[in-house]
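Data block below; observations after.
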Amino acid sequence: MPVIQSAGSGVVEYEYPFNERIRTLLRLEHLFERFAYFFAKEDPQDHHAAITTLFEISDVASRADLKADLLKELERQRGILAMLRENPKIDGDALEQVIVECERAQRSINAVHGKAGQHLTDNEWLTSLRSRTIIPGGTCKFDLPSYYAWQQGSVEARRGDIEKWVAPLLPLRNGTAIVLRLLRESGCSTEEVAVGGSFQQMLSGRSYLLMQVRMQDASLVPEISANKYMLWIRMTRLDGGDKPKPVEIDVPFTLTLCNF
């Protein structure tokens with residue numbers, strides 16, 4: 001399934017990753033955005049949602065090769081950007097700023113010791129809470145009275161604890177944000193039409209990492225599949241709570257293919 005984002009001005013943007021590495025980064029981005037939303041609230045139930053999201057972030061971030069993948073990609077991007085320093089068409093100040101961002105992100109990720117999220121596993125209280133969150137209704141006050149007591153504390157106290165728990169994971173968030181931003185900025189866009197609700201394009205073996213589809217009609221949903229040879233988009237329409245149904249009308253959309 002593609003990742004959905006709002007592109008503003010009534011446009012709905014769908015993103016489709018071509019490999020597992022980009023898929024993981026998109027998932028991390030999505031989870032950190034959800035975490036930030038609930039963390040900014042004040043109600044204990046919102047902070048509960050922030051904590052459960054934090055557990056999901058830890059599950060995704062604990063992939064053994066994630067840190068290595070981010071460091072490798074940041075170093076590669078830094079090297080590519082450094083070669084542009086002599087290009088008179090490039091804004092030198094903006095270029096240096098991005099290079100510094102890459103270097104800072106690399107240092108922060110290198111400073112993360114051990115497996116990402118290990119500090120949450122080492123916290124006995126959080127581990128107990130985590131084991132209860134997977135049980136429907138498992139965090140009732142009679143199940144976890146200490147958690148209920150924590151929820152009754154001040155907003156500032158809860159936020160302080162959550163900030164402490166998320167802090168070791170923030171370098172991964174920052175590195176992910178830089179890599180995805182540079183990837184999206186590399187995209188080449190074309191205006192296309194799904195004739196009769198269907199669109200195909202040969203890729204001739206060229207490798208891409210991310211596909212974006214932007215549409216004006218929010219009731220339409222693109223079903224996307226792709227490999228290194230071809231991409232295929234089939235437009236469907238939401239039908240209440242049922243499975244989206246294929247449409248047979250011409251649908252204009254903007255297609256963006258991204259690759260470093």
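Start at 1 with the first residue, then count along the sequence.
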Exercise. Could you go step by step and tell me if Arg78 and Glu75 meet the salt bridge (Lys or Arg N to Asp or Glu O under 4.0 Å) rule?
Worked result: CA-CA 5 Å; Arg78 191 176 68 85; Glu75 178 61 27; 2.9 Å; yes

With no hydrogens and no angle check, just 3.5 Å: does a side-chain donor-acceptor pair link [X] and [Y]?
X: Asp122; Y: Gln118; answer: yes
X: Thr254; Y: Glu191; answer: yes
X: Arg214; Y: Gln212; answer: yes

Problem set entry | Flag if over 12 foreign heavy atoms under 6.0 Å of CD, Glu124 |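 For Glu124, atom CD is not crowded (no more than 12 foreign heavy atoms under 6.0 Å).
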
For this session: Taking atom CD of Glu86 as the centre, report whether more than 12 heavy atoms of other residues, nucleotides or ligands fall under 6.0 Å from it.
Result: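 It does not: Glu86 CD has 12 such atoms or fewer within range.
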
Could you see if [X] belongs to whatever hydrophobic cluster contains [Y]? Use Ile, Leu, Val, Met, Phe, Trp, Tyr and a side-chain cutoff under 4.5 Å.
X: Phe260; Y: Ile99; value: yes
X: Val100; Y: Leu71; value: no
X: Leu170; Y: Trp165; value: yes

Exercise. Given Thr176 and Leu26, is the side-chain contact (heavy atoms from CB on, under 4.5 Å) satisfied, shown in steps?
Worked result: CA-CA 8 Å; Thr176 295; Leu26 289 173; over 6 Å; no

Exercise. Under 4.5 Å between any side-chain heavy atoms of Tyr208 and Ile22, yes or no?
Worked result: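 Answer no - side chains too far apart.
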
For this session: Would you check if the distance from the ring center of Phe253 to the ring center of Phe199 is below 6.0 Å?
Result: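 Yes, the ring of Phe253 comes within the 6.0 Å limit of the ring of Phe199, centre to centre.
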
Is [X] salt-bridged to [Y], cutoff N-O under 4.0 Å?
X: Arg21; Y: Asp69; result: no
X: Arg23; Y: Glu20; result: yes
X: Arg34; Y: Glu56; result: yes
X: Glu15; Y: Arg184; result: yes
X: Asp59; Y: Arg130; result: yes
X: Arg76; Y: Glu73; result: yes
X: Arg237; Y: Asp217; result: yes

Exercise. According to the side-chain hydrogen bond (donor to acceptor under 3.5 Å, both in side chains) rule, which pairs have a member within residues 41-51, sequence neighbours left out?
Worked result: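 As it turns out, the side-chain hydrogen bond (donor to acceptor under 3.5 Å, both in side chains) pairs with a partner in residues 41-51, which skip direct neighbours, are His47-Arg158, His48-Tyr147.
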
Problem set entry | All ring pair (Phe, Tyr, Trp, His ring centres under 6.0 Å) counterparts of Phe35, not counting sequence neighbours |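 Phe35 satisfies ring pair (Phe, Tyr, Trp, His ring centres under 6.0 Å) with Phe39 only.
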
Problem set entry | Ser207 backbone acceptor or donor facing Asn259 side chain under 3.5 Å |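 Judged by distance alone, yes, a pair lies under 3.5 Å.
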
